[in-house]
Amino acid sequence: MDVLKKVPVREQDAKERAANFEEVCLGYNQEEAQCEAARCINCKNAQCVKGCPVAIDIPGFIEKVKEGKIAEAYQIISQSSALPAVCGRVCPQESQCEGKCIRGVKGEPISIGKLERFVADWARENGIKPEVFAQRKGKSVAVIGSGPAGLTCAGDLAKMGYDVTIFEALHEPGGVLVYGIPEFRLPKKDVVAKEIENVKALGVKIETNVVVGKSVTIDELIQEEGFDAVFIGSGAGLPKFMGIPGENSNGVFSANEYLTRSNLMKAFDKKSNTPIMHSKKVAVVGGGNVAMDAARTALRLGAEVHIVYRRSEEELPARVEEVHHAKEEGIIFDLLTNPTEILADEKGWVTGMKCIRMELGEPDASGRRRPVEIPGSEFTMELDTVIMSLGTSPNPLISSTTEGLETNKWKCIVAEETDGRTSKEGVYAGGDAVTGAATVILAMGAGKAAAKGIDEYLSGKGAV
C-alpha cells in the first residue's frame with residue numbers, strides 16, 4: 001500500500017448513475033476504512049481538528065477505526081457532531097479538515113470525510129446510538145428550523161439536559177438536507193431520516209407545519225408558551241434572480257423550487273403526484289454546489305444540460321468532487337458566459353437565452369478576477385428550461401414579526417459569531433439565517449456555538 005495515496009473509494013459507473021437517483025459514492029467497507037485510517041500519522045498538534053467547524057476529535061476517531069473499534073469511533077464523533085453520516089457525504093472536507101491534514105503536505109490527505117461516513121453508516125447498520133448522560137435542567141428551548149443548524153443546536157442542548165422543541169415550517173424535518181440536496185448525494189430515508197431519529201432519541205421533540213412568524217411568533221413562544229430561550233436556524237430559502245428581460249417566462253425556475261419538487265416531493269419518481277419539467281435542453285445559471293445539484297437532477301430527468309457561469313473553471317465555487325462527477329455524467333460547461341435575456345414564444349414558454357462571452361479582468365472585492373463582457377460576442381442558446389442558481393437569502397418573515405431583532409441590509413439576522421446572541425434577549429441565531437447561504441458544516445458550527453451561548457445564558461439566568 002502506498003501511504004502517500006488515498007485508498008480509492010468505490011462509485012457507481014457514470015453512465016449508469018446518470019439515469020438513476022441512487023447514491024453515486026458507495027463509500028468504504030471496513031477493510032478499506034482500516035487501510036485508509038492506517039495512513040494517519042496521529043499528529044500531536046492535529047491541524048485537521050482546527051479545520052473542522054464542529055471540532056471533532058479526528059485523530060481520536062481515526063485511531064479507533066485503525067484498531068477496528070468502530071462503535072468507539074462513533075461515540076467520539078457523536079460528542080461533537082449530530083449528523084456524521086450527512087457531513088461525511090456533503091462537507092467540503094478538501095477546504096476544511098482534509099485541507100489542513102499534515103499527510104497532505106507530501107502526499108494525499110487522509111480521506112477524513114469518507115472515514116466519518118463509514119463510521120456513521122456502520123453505527124446505523126449496527127443499531128448504535130449516541131450516548132447521553134445529562135441530568136434534566138428543567139428549562140426549555142425552542143429551536144426554529146430543523147436544518148443542520150437547528151438539529152445541531154437542539155442535539156447539543158438536549159445532551160446538556162434541556163427540554164428542546166424544534167418547530168419546522170415544512171411537513172418533513174431536515175431543512176436543506178431534505179429539500180436541497182439530491183438523493184444521489186444524500187439518501188433521505190436511509191441517511192437523513194435516521195440521523196434525525198438519533199437527535200429525537202436524545203429527547204428532542206419536533207413539530208412540523210409550524211411557520212414561525214405566522215402560526216406563532218417568537219414573542220408568543222417566550223411569553224405564552226413559556227420557553228426560556230429561542231434559537232433561530234430558519235435557513236435562507238428565498239431565491240435570487242438576475243433581473244434580466246424574460247425571467248418571468250414559463251420554464252424559468254429557481255434552483256430552490258426545482259430541487260424541492262424533486263428532493264422533498266419526490267417528483268423524479270413516476271409514482272409521485274408532484275409535477276416537474278421534463279426538459280429537452282436546460283441551462284443552469286450559476287457555478288455552486290446547488291447549480292451542480294440542479295444540473296445533475298435535470299440530466300437524470302432526461303435533458304441535455306449546460307452549466308452557464310460567468311467566470312472560469314478555476315473560480316467555480318462548487319466542490320471539485322461535484323464538478324468532476326457532473327463532467328463524468330455528461331454535463332456541458334459553458335464557462336466565461338453570461339445570460340443577458342431569456343427568449344420566449346407567444347405563449348410565454350422559454351425558447352432560448354441570449355448570452356455574451358466574458359473575459360477575466362482585475363480582481364474584485366472578493367479577490368476573484370472580475371468578469372468583463374467581450375464586445376460583439378453575443379450569441380443565442382436554444383433551450384426550453386432555465387434554472388437560476390444564484391444563491392439565496394433569508395425569508396424576512398421571522399425578522400419582520402419580531403420586535404427588537406436586528407437585521408442587516410441583506411435581511412440576515414445579526415448575531416454574535418462566538419455564541420449566536422442577537423439584539424433580543426434570550427434569542428439566538430445561526431446558520432444561513434445569519435450568514436446567507438453557506439455550507440451544512442458551517443451551519444452546524446453556528447448551531448453548536450449557539451447551544452453553548454444559550455447554556456451560558458440560562459445557567460447565568462438561573463443563578464440570579
Peer 1: Return each pair, listed once, that meets side-chain hydrogen bond (donor to acceptor under 3.5 Å, both in side chains) where at least one residue sits in residues 354-365; pairs must be two or more places apart or across chains.
Peer 2: R311-D364, T337-R357, D364-S366
Peer 1: For the backbone of E131 and the side chain of Q75, can you confirm whether one donor and one acceptor N or O come within less than 3.5 Å of each other?
Peer 2: yes
Peer 1: Could you tell me whether K280 atom NZ has more than 12 heavy atoms of other residues or ligands within 6.0 Å of it?
Peer 2: no
Peer 1: According to the ring-ring contact (aromatic ring centres under 6.0 Å, His included) rule, which pairs have a member within residues 59-89, sequence neighbours left out?
Peer 2: none
Peer 1: Might you confirm whether atom CD of E67 has over 12 heavy atoms from other residues, nucleotides or ligands at distances under 6.0 Å?
Peer 2: yes
Peer 1: Under 3.5 Å, is there a donor on one side chain and an acceptor on the other for N338 and Y309?
Peer 2: no
Peer 1: Is the NZ atom of K6 crowded by more than 12 outside heavy atoms at less than 6.0 Å?
Peer 2: yes
Peer 1: Would K66 and E72 pass as an ion pair if we require N to O under 4.0 Å?
Peer 2: no
Peer 1: So, R89 and D121, do they make that salt bridge, N to O below 4.0 Å?
Peer 2: yes
Peer 1: Does atom NZ (K452) have a neighbourhood of more than 12 heavy atoms from anything else shown, all under 6.0 Å?
Peer 2: no
Peer 1: Distance-only criterion, 3.5 Å: show the donor-acceptor pairs between side-chain atoms of residues 145-161 and protein atoms not counting sequence neighbours.
Peer 2:
{"residue": "S146", "atom": "OG", "partner": "E168", "partner atom": "OE1", "Å": "2.6"}
{"residue": "S146", "atom": "OG", "partner": "G174", "partner atom": "N", "Å": "2.8"}
{"residue": "T152", "atom": "OG1", "partner": "P148", "partner atom": "O", "Å": "2.8"}
{"residue": "D156", "atom": "OD2", "partner": "K448", "partner atom": "NZ", "Å": "2.9"}
{"residue": "K159", "atom": "NZ", "partner": "S78", "partner atom": "O", "Å": "2.5"}

Peer 1: For the residue pair R39 and R103, establish whether any side-chain heavy-atom pair is separated by less than 4.5 Å.
Peer 2: yes
Peer 1: Kindly say whether V86 contributes a backbone atom to a donor-acceptor pair with the side chain of R117 at under 3.5 angstrom?
Peer 2: no
Peer 1: Could you work out, with side-chain contact (heavy atoms from CB on, under 4.5 Å) as the rule, every residue matching T435, not counting sequence neighbours?
Peer 2: D432, A438
Peer 1: Using a strict threshold of under 4.0 Å (side-chain N to carboxylate O), is an ion pair present between D13 and R17?
Peer 2: no
Peer 1: Does the structure place the NZ or CZ of R10 under 6.0 Å from the centre of the six-membered ring of Y28, at an angle of no more than 45° from the ring's axis?
Peer 2: no
Peer 1: So does G361 get a backbone contact from the side chain of R369, meaning a donor-acceptor N/O pair under 3.5 Å?
Peer 2: yes
Peer 1: Counting only heavy atoms not in E247 (residues, nucleotides, ligands), do more than 12 fall under 6.0 Å from its CD?
Peer 2: yes
Peer 1: Test E197 against K194 for salt bridge (Lys or Arg N to Asp or Glu O under 4.0 Å), laying out the working first.
Peer 2: CA-CA 5 Å; E197 284 304 315; K194 295 287 185 359; over 6 Å; no
Peer 1: Would you check, one step at a time, whether the test side-chain contact (heavy atoms from CB on, under 4.5 Å) holds for V143 with T165?
Peer 2: CA-CA 6 Å; V143 170; T165 304; over 6 Å; no
Peer 1: Would you say the side chains of S254 and E257 form a donor-acceptor pair under 3.5 Å?
Peer 2: no
Peer 1: Provide the closest heavy-atom pair for C25 versus K114 in the form atom of the first, atom of the second, distance.
Peer 2: SG-CE, 3.7 Å
Peer 1: With sequence neighbours excluded, give me every ring-ring contact (aromatic ring centres under 6.0 Å, His included) pair touching residues 259-280.
Peer 2: F21-F268
Peer 1: Given side-chain contact (heavy atoms from CB on, under 4.5 Å), test I387 with V285 step by step and report yes or no.
Peer 2: CA-CA 6 Å; I387 300 172; V285 181; over 6 Å; no
Peer 1: Within the side chain of Q93, is there an N or O that forms a donor-acceptor pair under 3.5 Å with the backbone of C87?
Peer 2: yes
Peer 1: Is T392 reaching over with its side chain to a backbone N or O of A236, donor-acceptor style, under 3.5 angstrom?
Peer 2: yes
Peer 1: What pairs of residues pass the side-chain hydrogen bond (donor to acceptor under 3.5 Å, both in side chains) test when at least one of them lies in residues 281-297, not counting sequence neighbours?
Peer 2: R185-D293, R296-E322, R296-E329
Peer 1: Would the distance check show the side chain of N263 and the main-chain N or O of L259 forming a donor-acceptor pair, the cut-off being under 3.5 Å?
Peer 2: yes
Peer 1: Strictly by modelled atom types, are D334 and H306 linked by a side-chain donor-acceptor pair under 3.5 Å?
Peer 2: yes
Peer 1: Quick one: closest heavy-atom pair of F231 and G447, and the distance?
Peer 2: CZ-CA, 4.1 Å
Peer 1: Please answer whether the main-chain N or O of N45 pairs with a side-chain N or O of Q47 as donor and acceptor at a distance below 3.5 Å.
Peer 2: yes
Peer 1: Tell me if a side-chain donor or acceptor on S279 pairs with a main-chain N or O of A303 at a distance below 3.5 Å.
Peer 2: no
Peer 1: Taking side chain as C-beta onward, heavy atoms only, is I62 less than 4.5 Å from I58?
Peer 2: yes
Peer 1: Between E314 and R368, does at least one N-O distance fall below 4.0 Å, as a salt bridge requires?
Peer 2: no
Peer 1: How about N250 and V350: do any of their side-chain heavy atoms sit closer than 4.5 Å?
Peer 2: no
Peer 1: Hey, does the side chain of N126 reach the backbone of I128 with a donor-acceptor pair shorter than 3.5 angstrom?
Peer 2: no
Peer 1: Would the distance check show the side chain of Q12 and the main-chain N or O of L26 forming a donor-acceptor pair, the cut-off being under 3.5 Å?
Peer 2: no
Peer 1: Can you confirm whether the side chains of Q30 and Q34 place a donor and an acceptor under 3.5 Å from each other?
Peer 2: yes
